[in-house]
Protein chains: 2
Amino acid sequence: MEKPIRSGCPINLTLETLGDRWSLIVIRDIMFGNRRHYRDLLNRSEEGIASNILADRLKKLTEAGLLSAAPDPSHKQKTIYSLTEPAIELVPLLAQMGAWGRRHTPASRELSIRAQLLEEGGPPMWKAFMKELRALHLGARPPRRSVTRELNAAYEAELAAGEG
Amino acid sequence: MEKPIRSGCPINLTLETLGDRWSLIVIRDIMFGNRRHYRDLLNRSEEGIASNILADRLKKLTEAGLLSAAPDPSHKQKTIYSLTEPAIELVPLLAQMGAWGRRHTPASRELSIRAQLLEEGGPPMWKAFMKELRALHLGARPPRRSVTRELNAAYEAELAAGEG
DNA sequence: GCAACTGCTTGTGAAGTGCAAGCAGTATGG
DNA sequence: CCATACTGCTTGCACTTCACAAGCAGTTGC
């Protein structure tokens with residue numbers, strides 16, 4: 001019993017796979033925070049996702065082809081979640097979401113460093129980031145990871161600042 | 001009793017106001033379909049939103065400052081809903097959503113004319129469209145409405161094709 | 001061997017969604 | 001001027017999703 005598709009409108013179709021409170025949060029944490037394991041996503045998420053919701057989203061996103069799950073060679077119980085190409089191509093969407101939230105949301109803290117970096121960098125930076133994500137998650141040959149490291153650092157810094 | 005904000009991350013803040021199944025659908029129909037009245041949004045929506053959900057979203061989006069509601073001079077019972085500037089600036093986000101859905105969604109019909117137009121037009125077209133939306137919804141002086149008409153026509157054509 | 005950790009499930013209540021019906025106040029056509 | 005249709009919603013009820021806390025079998029490190 002698959003749920004029926006409501007319309008063929010691309011905006012609607014995107015909403016049908018990502019239009020809920022948590023899917024994009026999970027992808028954000030994997031993408032910008034490089035959280036690759038279940039417990040990482042569960043405990044180090046700023047918003048505090050519930051464990052059953054996280055399990056459900058990981059399952060659905062994997063089934064939808066946005067994530068892949070692979071066993072961790074270094075630990076028999078660990079699963080490594082990776083972004084697939086469709087998820088990597090969400091970078092422009094997440095960049096626009098960040099830009100909008102930064103501008104039009106009352107409580108958006110002044111130091112939205114990562115969103116600001118992504119906004120100022122624009123499409124060229126997005127593309128560089130996507131290229132690096134492909135290396136990190138799809139097994140392409142790894143370049144010098146400058147953009148990724150910069151964005152991850154900004155993400156972690158904001159997390160730390162948010163808890164202070 | 002306001003619901004608490006989960007984090008100051010701009011992506012999360014955007015999701016807190018728009019991260020549900022229907023909010024962006026409503027904005028899309030007002031934006032691209034120029035549906036300005038409750039019954040228009042209710043009956044001519046491709047996805048078939050429920051009346052109570054529509055009422056709730058119109059209320060919440062108005063409270064959030066994304067829509068404005070004004071009485072219709074020509075009909076004492078009608079309310080005209082208009083996009084405010086924050087909603088108009090969702091154009092790039094919706095364009096990216098459409099572009100992603102068109103590429104990465106299995107059931108995305110071949111004729112996603114509107115999404116394709118927005119994708120090919122890129123940021124210059126988005127800006128022209130936003131300018132026209134400002135005239136239409138914020139009372140700025142109206143230009144020749146070429147982009148709006150083109151996108152609306154594409155939207156209606158797809159709706160008609162979807163029902164065939 | 002034992003505590004800490006692994007991904008994930010279960011139980012329970014609250015919140016959101018989906019569907020059908022209805023309601024008071026207009027407009028409209030004859 | 002009266003029946004009819006239309007206006008923006010509301011109500012009631014079933015169903016699904018979400019949220020929070022607790023727990024569980026297997027694995028690892030000491």
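Naming: A, B, ... by sequence-line order, numbering from 1 per chain. As the structure is a prediction and not an experimental result, all values here were calculated from the model.
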Taking the axis from the first five pairs and the axis from the last five, what angle separates them in the helix from C:dG1-D:dC30 to C:dG30-D:dC1, rounded to 10 degrees?
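Its terminal axes enclose an angle near 20°.
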May I ask you to decide if A:G101's main-chain N or O and B:T14's side chain share a donor-acceptor pair within less than 3.5 Å?
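Present.
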If you compare every side-chain N and O of A:Y38 against the phosphate oxygens of C:dT9 (OP1, OP2), does one of them come in below 4.0 Å?
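Answer no for this pair, as no side-chain N or O of A:Y38 is under 4.0 Å from OP1 or OP2.
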Do any side-chain nitrogens or oxygens of B:W22 fall under 4.0 Å of OP1 or OP2 in C:dG18?
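Yes.
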Distance, rounded to the nearest Å, where [X] contributes [atom1] and [N] contributes [atom2]:
X	N	atom1	atom2	value
A:E47	D:dC18	CD	C1'	16 Å
B:H37	C:dT26	NE2	P	16 Å
B:E16	D:dA19	CD	P	11 Å
B:R57	D:dT10	CZ	P	14 Å
B:I49	C:dA20	CD1	P	15 Å
A:R36	C:dG7	CZ	C1'	16 Å
B:R21	D:dT16	CZ	P	17 Å
B:I25	C:dG18	CD1	P	11 Å

Separation between CH2 of B:W100 and OG1 of B:T105, rounded to the nearest 0.5 Å:
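B:W100 atom CH2 to B:T105 atom OG1 measures 5.0 Å (nearest 0.5 Å).
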Single hit among A:E119, A:E158, A:E120 for salt bridge (charged side-chain N to carboxylate O under 4.0 Å, His left out) with A:R102
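With A:R102 as partner, A:E119, A:E158, A:E120 yield a single salt bridge (charged side-chain N to carboxylate O under 4.0 Å, His left out), made by A:E119.
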Per the salt bridge (charged side-chain N to carboxylate O under 4.0 Å, His left out) rule, which among A:R44, A:R149, A:R114 passes with A:E156?
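Checked A:R44, A:R149, A:R114 against A:E156; only one passes salt bridge (charged side-chain N to carboxylate O under 4.0 Å, His left out): A:R44.
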Most 5' of B:D40 and A:D20 on DNA chain D, judged by nearest nucleotide
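The answer here is B:D40.
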Quick check on DNA chain D: between B:T79 and A:G48, whose nearest nucleotide comes earlier from the 5' end?
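Nearer the 5' end of the strand: B:T79.
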With a 4.0 Å cut-off, would you call [X] and [Y] a salt bridge?
X	Y	result
A:E47	A:R28	yes
A:D56	A:K60	yes
B:R144	B:E132	no

Between A:D20 and A:R57, is any pair of side-chain heavy atoms under 4.5 Å apart?
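Heavy-atom side-chain distance check passes, below 4.5 Å.
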If each of A:D56 and B:D56 is mapped to the nucleotide of DNA chain C with the nearest heavy atom, which maps nearer the 5' terminus, i.e. the 5' end?
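The residue mapped nearer the 5' terminus is A:D56.
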If the sugar-phosphate is the primed atoms plus P, OP1 and OP2 and the base is the rest, what is the B/S/- string for nucleotides 21-30 of chain D, using protein heavy atoms under 4.0 Å?
BB--BBSS--
By the definition side chain to side chain contact (heavy atoms under 4.5 Å, CB included), identify the one residue from B:T79, B:L136, B:L41 that meets it with B:R36.
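Checked B:T79, B:L136, B:L41 against B:R36; only one passes side chain to side chain contact (heavy atoms under 4.5 Å, CB included): B:L136.
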